[in-house]
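Below: the structure, in structure tokens.
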Number of protein chains: 2
Amino acid sequence: MQLHIETSNGIPIYEQICRQVKFAVANKALQVGDHVPSVREMAGRLAVNPNTVSRAYRDLQADGVLIPIRGTGLAVTPEAPGKCQSERLDMIRERLRLVLAEARHNQITPDEIRQLVESELQRLDALEDENASQLVTAEETA
Amino acid sequence: MQLHIETSNGIPIYEQICRQVKFAVANKALQVGDHVPSVREMAGRLAVNPNTVSRAYRDLQADGVLIPIRGTGLAVTPEAPGKCQSERLDMIRERLRLVLAEARHNQITPDEIRQLVESELQRLDALEDENASQLVTAEETA
DNA sequence: CCTAGTGTTCTACCGCGATAGTACAGTAGT
DNA sequence: ACTACTGTACTATCGCGGTAGAACACTAGG
């Protein structure tokens, strides 16, 4: 599993970690019984304070996604996949709703919104292709 | 001009005020030379601290949207409409981009995104209709 | 047994958004 | 001149997200 933290897009770091773990479970990148990276390792990987990771894991336990195995680590619970898959789209919907509400409140037309969405989707695909070709290049030169 | 503040959708209040004034100028709800509501009145109207409004107006001056008229108030500058109209879609695009980036990073397909957008647009229209009929009802019973 | 690795908890500190209250300089209208 | 409004500036305080560092209880493995 591989996460990326965006510093200050408004969303707290601990919440970003929380969301991405849930997405990983929903996408089966994390399976039932799998151990999540340790607090200290994750903190090092993300260049973030261990307490912040700990906070995220605590929230994930409260949500029933992770269960602690004393002295060993945190494992994905059997109920997690179900919960995470049903939450999957809701997590995005919630954020999307705030943006669209602001747009509509301020006289942006539905067509303008659709146009923005399409252009941004296209832009994201272009970025991914770029990264993909960079990976290939890196592999070739290796 | 009428603004609505969403407490804790992540965006600071002073920034929400700032954005909505810009939208109001772009939509010609505020015209060149118009006075923006006074710091204290706006603060009372939004149930918010005067300092917070003052901060927003200070930023709007820095952006060249408002100009102070000593002892009288803050007026919309002649350059404001041009600036605000060109910023109009960009302000939404910026927020939309963050949401779509998270979605794509976590294996949400473009079609799922389009579907979310449509269902949320529909939901917003439904809410507006509801409010409109409430207004009519209020007028009838008055 | 001992070491190294788990998660957990606690205190201290910082920056930022926001509130609260006060004070000051300038203008409009009477 | 006086009053009532403008905007501006300042200090103090609060909550929250985040960092920093230490301490604790537990377990797996040599």
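Note that these values count all heavy atoms, side chains included, but never hydrogens, waters or copies made by symmetry. Note on naming: letters A, B, ... go to the chains in the order of the sequence lines (proteins, then strands), and numbering restarts at 1 for each one.
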Please report, rounded to the nearest Å, how far the [atom2] atom of [N] is from the [atom1] atom of [X].
{"X": "A/Met42", "N": "C/dG5", "atom1": "CE", "atom2": "P", "answer": "18 Å"}
{"X": "B/Ile13", "N": "D/dG15", "atom1": "CD1", "atom2": "P", "answer": "16 Å"}
{"X": "B/Ile5", "N": "C/dG17", "atom1": "CD1", "atom2": "C1'", "answer": "14 Å"}
{"X": "B/Glu15", "N": "C/dC16", "atom1": "CD", "atom2": "P", "answer": "14 Å"}
{"X": "A/Ile69", "N": "D/dA25", "atom1": "CD1", "atom2": "C1'", "answer": "17 Å"}
{"X": "B/Arg58", "N": "D/dT6", "atom1": "CZ", "atom2": "C1'", "answer": "17 Å"}
{"X": "B/Tyr57", "N": "D/dT6", "atom1": "OH", "atom2": "P", "answer": "11 Å"}
{"X": "B/Leu66", "N": "D/dT6", "atom1": "CG", "atom2": "C1'", "answer": "14 Å"}

Using 4.0 Å as the upper bound for N to carboxylate O, is an ion pair formed by A/Arg45 and A/Glu41?
->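 Looking at A/Arg45 together with A/Glu41, the answer is yes, because their closest N to O distance falls below 4.0 Å.
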Is A/Arg88 paired with B/Glu112 through a side-chain N to carboxylate O contact shorter than 4.0 Å?
-> yes
Per [X] side chain, nearest of listed nucleotides [options]:
{"X": "A/Tyr14", "options": "C/dT6, C/dT8, D/dG17", "answer": "D/dG17"}
{"X": "B/Gln61", "options": "C/dT8, D/dG7, D/dG18", "answer": "D/dG7"}
{"X": "B/Arg55", "options": "D/dG17, C/dG17, C/dA18", "answer": "C/dG17"}
{"X": "B/Thr72", "options": "C/dA28, D/dT8, C/dT9", "answer": "C/dA28"}
{"X": "B/Val39", "options": "C/dT19, D/dT19, D/dG7", "answer": "D/dG7"}
{"X": "B/Asn49", "options": "D/dT6, C/dT8, C/dT19", "answer": "C/dT19"}

Base, sugar-phosphate alone, or nothing: which one does A/Arg40 contact when heavy atoms must sit under 4.0 Å apart?
->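 Base contact.
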Less than 3.5 Å between a donor and an acceptor, one on the side chain of B/Asn51 and one on the base of C/dG21, is that the case here?
-> yes
Greater than 12 external heavy atoms within 6.0 Å of B/Gln115's CD |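 No, the 6.0 Å shell around CD holds no more than 12 heavy atoms from other groups.
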Looking at A/Thr52, does any N or O in its side chain come under 4.0 Å of the phosphate oxygens OP1/OP2 on D/dT19?
->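 A/Thr52 to D/dT19 OP1/OP2: side-chain N or O found under 4.0 Å.
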Do you know which two heavy atoms are closest between B/Ile11 and B/Gln16, and how far apart they sit?
-> O-NE2, 2.9 Å
Starting at the 5' end of DNA chain D and moving along, which residue's nearest nucleotide shows up first, B/Val36 or A/Arg70?
->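 Its nucleotide being nearer the 5' end, the pick is B/Val36.
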State, yes or no, whether a side-chain contact exists between A/Asp63 and A/Lys83 at a heavy-atom distance under 4.5 Å.
->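 Answer no - side chains too far apart.
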